[in-house]
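This report concerns only the one structure given below.
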Amino acid sequence: MSGAYFDQFNIVWLFGVTNSAVMMGLTVIIVLLFLNGVDLIPKRWQSILELTYSHFYRVIEDNLGGEGLKYFSFVLSLFFFGVCLNVLGLCPYVFTPTVHIIVTLGLSFSIIIGVTLAGFWRFKWDFFSVFMPSGAPLGLAPLLVLIETVSYISRAISLGVRLAANLSAGHLLFAILAGFGFNMLIASGPAGLLPLLIMVFITLLEVAVAVIQAYVFCLLTTIYLADTLILH
């Protein structure tokens, strides 16, 4: 029975492509449809999009300055992509690619590699100064460079693992409690409604986690992009 809870993480082939690729492609289409069309008098959904737009604009401007606004489209697109993937994954029989660490690490390593290449493009060999804290004794340079290098690489690992681990744990908890609530409803009749009320709360919690994890991923990405603009 316990093995059935992990069936939702299985990769299967659909028409020559994996369910993971299908979901990511479908998510891109959904995001484009949601962002299509602008009304002079915004409706409720457009108001939410405009609030999100304004919030990320301020976040990027506060962390990266005016020059960092060139990354605004990338960060905002990354947020909508992550939110849609995470939230759609809560629907029954829908696969969530972001529960697979290979997907999240692919995203995180791509971001860190992009940050590194952009840093070298802007600062040339001076970019290596990020691995040596300013004002540190020269005798400690070998140790500090090693520590900073490990810390720099661990950004990609922590960024990807955090997203996959939180979503995987949430999906497992959701599946276990759903099975428990269904069994209680069958065995107890009306008394089993209490577990279903708990499931409503867990559903809202998982939606919040899906949005928050996408936001944290984008916020950390914004912070890491600072290395392409300012040397520390």
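A chain of hydrophobic side-chain contacts below 4.5 Å, direct or via other Ile, Leu, Val, Met, Phe, Trp or Tyr residues, connects L49 to V59. Cluster annotation: I157 and L219 are assigned to distinct hydrophobic clusters (Ile/Leu/Val/Met/Phe/Trp/Tyr, side-chain heavy-atom contacts under 4.5 Å, transitive). A single hydrophobic cluster is not seen to contain both Y224 and F109; linkage of ILVMFWY side chains at heavy-atom distances under 4.5 Å, directly or through other members, places them apart. I212 and V161 fall into different hydrophobic clusters, where Ile, Leu, Val, Met, Phe, Trp and Tyr residues are linked whenever their side-chain heavy atoms come under 4.5 Å apart, directly or through other members. Side-chain heavy atoms closer than 4.5 Å link hydrophobic residues (I, L, V, M, F, W, Y) into clusters, and following such links, even through other members, never connects F217 to V207.
Atoms CG and CG, from L78 and L107 in turn, are 6.5 Å apart once rounded to the nearest 0.5 Å. Between F56 atom CZ and S73 atom OG the span is 12.5 Å, to the nearest 0.5 Å. N63 CG to R58 CZ: the interatomic distance, rounded to the nearest 0.5 Å, is 12.5 Å. The CD atom of Q213 sits 4.0 Å away from atom CG of N166, with the distance rounded to the nearest 0.5 Å. One distance of note links CD1 of I223 with CD1 of I60; it measures 11.5 Å at 0.5 Å rounding.
In this structure, E61 has no salt bridge (charged side-chain N to carboxylate O under 4.0 Å, His left out) partners at least two apart in sequence or on a different chain. Residues passing the ring-ring contact (aromatic ring centres under 6.0 Å, His included) test with Y53 are F72, sequence neighbours excluded. The side chain to side chain contact (heavy atoms under 4.5 Å, CB included) check on I102 picks up H100, with sequence neighbours excluded. Residues forming a side chain to side chain contact (heavy atoms under 4.5 Å, CB included) with T149 (at least two apart in sequence, or on another chain): F131, V145, I153.
For S54 (side chain) and L51 (main-chain N/O), no donor-acceptor pair under 3.5 Å exists by modelled atom type. In this structure, the side chain of S158 engages the main chain of R155 through a donor-acceptor pair within 3.5 Å. With hydrogens and angles disregarded, no donor-acceptor distance shorter than 3.5 Å links the side chain of S151 to the backbone of I147.
Annotation: side chain of T221 is in contact with side chain of L159 (closest heavy-atom distance under 4.5 Å). Annotation: side chain of L76 is not in contact with side chain of Y57 (no heavy-atom distance under 4.5 Å). For the pair V216 and R162, the minimum side-chain heavy-atom distance is below 4.5 Å.
Closest approach of S108 to A156, counting heavy atoms only: OG-O, 2.8 Å. Between T104 and A164, the closest heavy-atom pair is OG1-CB, 3.5 Å. Among all heavy-atom pairs drawn from L64 and T222, the shortest one is CD2-O, 3.4 Å.
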Which atom pairs, one a donor and one an acceptor, fall under 3.5 Å between side chains of residues 79-90 and the rest of the protein, sequence neighbours left out?
from : atom 1 : to   : atom 2 : distance (Å)
N86  : OD1    : T98  : OG1    : 2.8
N86  : ND2    : G82  : O      : 3.2
N86  : ND2    : A210 : O      : 3.1

Contacts table for residues 110-121: side-chain donor-acceptor under 3.5 angstrom, sequence neighbours left out:
from : atom 1 : to   : atom 2 : distance (Å)
S110 : OG     : G106 : O      : 2.6
T116 : OG1    : I112 : O      : 2.8
T116 : OG1    : Y152 : OH     : 2.8

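Electrostatic pairing of D227 and R122 does not count as a salt bridge here, judged by no charged N lying under 4.0 Å from a carboxylate O.
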Next item on the list: Would you check, one step at a time, whether the test side-chain contact (heavy atoms from CB on, under 4.5 Å) holds for L229 with K70?
Entry: CA-CA 11 Å; L229 302 174; K70 61 184 178 182; 4.0 Å; yes
